[in-house]
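Below you'll find the structure, written out as structure tokens, and then a few comments.
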2 protein chains.
Amino acid sequence: MERKRTKSGNIRLADVAELAEVSLITASRFFSNPGALSVGKRERVESAAKQLGYVPNLAARALASQRTEIIGVLIPSLTNSVFSDVLRGIYDASEGSRYSIQLGNTRYSILQEEKLLRVFQSQRPAGLIVTGINQTEASRAILQTMNCPIAQIMEIGPDPVDMMVGFSHYDAGFAAASHLLAQGFQRIGFLGARMDPRVQRRFAGYVDALKAASRFDPRYIVTTPTSTTVTLGGTLFADLLAQAPDIEAVFCVNDDLALGVLFECQRRHIQIPEQMAIVGFNDLEFMASAVPPLTSVRSNRYEMGKSAVTMVTAAIDGFRPQELVVDLGFKLMIRHSSIARRN
Amino acid sequence: MERKRTKSGNIRLADVAELAEVSLITASRFFSNPGALSVGKRERVESAAKQLGYVPNLAARALASQRTEIIGVLIPSLTNSVFSDVLRGIYDASEGSRYSIQLGNTRYSILQEEKLLRVFQSQRPAGLIVTGINQTEASRAILQTMNCPIAQIMEIGPDPVDMMVGFSHYDAGFAAASHLLAQGFQRIGFLGARMDPRVQRRFAGYVDALKAASRFDPRYIVTTPTSTTVTLGGTLFADLLAQAPDIEAVFCVNDDLALGVLFECQRRHIQIPEQMAIVGFNDLEFMASAVPPLTSVRSNRYEMGKSAVTMVTAAIDGFRPQELVVDLGFKLMIRHSSIARRN
DNA sequence: AAATGAAATGGTAGCGCTGTCTTTTAGGCC
DNA sequence: GGCCTAAAAGACAGCGCTACCATTTCATTT
């Protein structure tokens, strides 16, 4: 594989064109629209590029064409497995397209989100995916000026910036609490950690469900701004038991907390569901194989990521979806941990 | 905020320079080396940029300067929480620097890795982080030509492409098995899933430890190429029990499998550790709060990501680390699940 | 006051590619 | 064979920025 030395030492498209004995622009077309070349030239360019080991320069392409093939993605956490699933959907969908993903981690801070948005601005992304509907005023302003399709994911709400894919966390929280009420539980606790906007809406759903049944009591609620762990689930549950020993059931705002509660119950020899019902949120894989299997609220996280990319890429290509707001819903996975003792 | 209309409709550095009444290059320097400007001009450029809402164009910058501030990262999985931790380290470290991360998901395929490497080539990244030491020949060749600092992470081994941060999975597997042997367990099973190169090296460590103690028996081994889940842990354990009912202990190649084994034992009323000892791998957070707490091998995943970025960025800036291969080690976290019944 | 050198500023030429428009060639029809 | 149309190929300018080198400014030294 002999190397042509050019001024800069890099192999440029011009070198390929020269070797293939075609014009620069014809070589360029080979990469953007090979069908436009005659068979002979197509083959010549192809073999010349291969022979020289030509690698296109994306920066030059972006500058000349005034567009990129980058989709910026902003998520609040990398460790939370909820977002791993969303990301997997995003990366899976992007692989089928010509777009690549630029990921930013906001760590649940809307200020960090704003900062990352400014970085994205410099990249001129072709599309954008952001988490949630609680952006700062400045972030909203930036989004408005970015002039590219934008999807807000994880939840749906009023006043979308552009497109939305998610579900109602309020409804999901309401459904979880209602399920426990329907099973005949009366004193239903709430365990919450890292009270981000979506968690708070689940909480609001829980509160309203209990109030509607005249079962609401602030003594049943334990929350902390700390981030979630399994161990924390045990700790919070211990706090809840201390402040409301008569508690019958507990709705955990995510599955890690629920697992922590399960372990704490095992430690204290509390029977599930006979002495304590448990409902989690997200329906991570382990919930179904726990002993006993734990009830949870399943959301279509993978689908959410995938749809977001599909919608954004379609919009980039000029096919804006009919429905700009897509509700992917949720499903209450009722398992042994929340089946009524009486009823 | 009035807008200057230029030919392209975008605000360019030239517009900022014009408004600030300085030359183009002075405006450019404001962003690359503000200290080189006199106070007066610095302020004029700053306010002009702000007034116009100027956003630098990274593609143009990359093209003109012939370098980028992108660090490419290739990992095999987004759902495996091992890599979430590594990624968190990577993103945390990158935030302190001026570099941004471009992430690729290889899904444990070295062919996919090769493909993504070609994509990265087009971006001309300033540095690269790849997972493991098992690349294809072609991938190695690409890495060689990329002419930027490269860190291989997760494990260490012979023949580094450039730099390495990790630990010996063989030693860790050997240590886990040795611990069980030292506790007096004689029939020690192995549960493995998604047998990637690192898992296989852990397995080799287990095999050699048992062979050294003359305790090796292939009947004690159950593996599957399927990807890991908690549920799978239970299933594999059931298979192991079926083919070797006299098993006393089990070394699980990761913590999800170990949790599955725990649940399966609970289901079958098998006492841990009296009737069955369990050792996991990775030491995910839940291991310590399980009932009983589960023994595992802790690796410094977050540190691994962080160090990799630190080493790569230092190398980009011309400060190649003294030690090109960094062994971050591992730590056997001995908990109740593997404490000997006799001894 | 002249000489010196460092700091501050500017001019110019690309970086590698694609959009736009123009020219050439090939193909189809009477 | 001549004419028309479409396909294929090319010329050229310029995307927005920085590297490189040249020039100006100004404080300091003799």
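Remember, it's a predicted structure, so these values are computed and weren't measured experimentally.
With the nearest nucleotide of DNA chain C identified for both B/A64 and B/K41, B/K41 has the one nearer the 5' end.
Checked against D/dC17, D/dG16, C/dT18, the side chain of B/L13 finds its nearest nucleotide in D/dC17. Checked against C/dG10, C/dC17, D/dG10, the side chain of A/I25 finds its nearest nucleotide in D/dG10. Side-chain proximity of A/L63 to the nucleotides C/dT9, C/dC17, D/dG16 is greatest for D/dG16. Taking the side chain of B/S65 as heavy atoms from C-beta on, and the options D/dA19, D/dG10, C/dC17, the nearest nucleotide is D/dA19. Closest approach to the B/V22 side chain among D/dG16, D/dG10, C/dG10 is made by C/dG10 (side chain taken as heavy atoms from C-beta onward).
In this model, the phosphate group of C/dG14 is not approached by any side-chain N or O of B/Q66 to a distance below 4.0 Å at OP1 or OP2. Note on B/R12: a side-chain N or O is less than 4.0 Å away from OP1 or OP2 of D/dG16. The phosphate of D/dG16 has OP1 or OP2 within less than 4.0 Å of a side-chain N or O from B/N10. Look at B/S38 and you'll find a side-chain N or O under 4.0 angstrom from OP1 or OP2 of C/dT9. The shortest distance between the side-chain N/O atoms of A/S23 and the OP1/OP2 oxygens of D/dA9 is not below 4.0 Å. Using a 4.0 Å cut-off, some side-chain N or O of B/S28 falls inside it from OP1 or OP2 of D/dT18.
Whole-Å rounding puts the A/E43 CD to D/dA9 P distance at 12 Å. B/E21 places its CD atom 11 Å from the P atom of C/dG10, with the value rounded to the nearest Å. Atoms CG (B/N57) and C1' (D/dG14) sit 13 Å apart, rounded to a whole Å. Here D/dC17 presents its P atom at 18 Å from CG of B/N33, a figure rounded to the nearest Å. Look at CG on B/L24: it is 17 Å from P on C/dC15, rounded to the nearest Å. Straight-line distance from the CD atom of B/E18 to the P atom of C/dT9: 19 Å, rounded to whole Å. Rounded to whole angstrom, the span from the CG atom of A/L37 across to the P atom of D/dG10 amounts to 10 Å. Counting to the nearest Å, the P atom of D/dC17 and the CZ atom of B/R124 are 21 Å from each other.
With ring centers used as reference points, A/Y54 lies under 6.0 Å from A/F31.
Between A/F120 and A/V130, every side-chain heavy-atom pair lies at or beyond the 4.5 Å cut-off. In this structure the side chain of B/K306 never reaches within 4.5 angstrom of the side chain of B/R88, judged on heavy atoms. Residues B/L328 and B/V165 meet the side-chain proximity criterion, which asks for heavy atoms closer than 4.5 Å.
Using a 4.0 Å heavy-atom distance criterion, A/R67 is classed as a sugar-phosphate-only contact.
Atom CD1 of B/I316 sits about 8.0 Å away from atom OG1 of B/T68, to the nearest 0.5 Å.
One side chain, B/Q135 or B/Q152, offers a donor N or O that lies under 3.5 Å from an acceptor on the other.
One donor-acceptor pair, N or O on each side, does fall under 3.5 Å between the base of C/dG10 and the side chain of B/R29.
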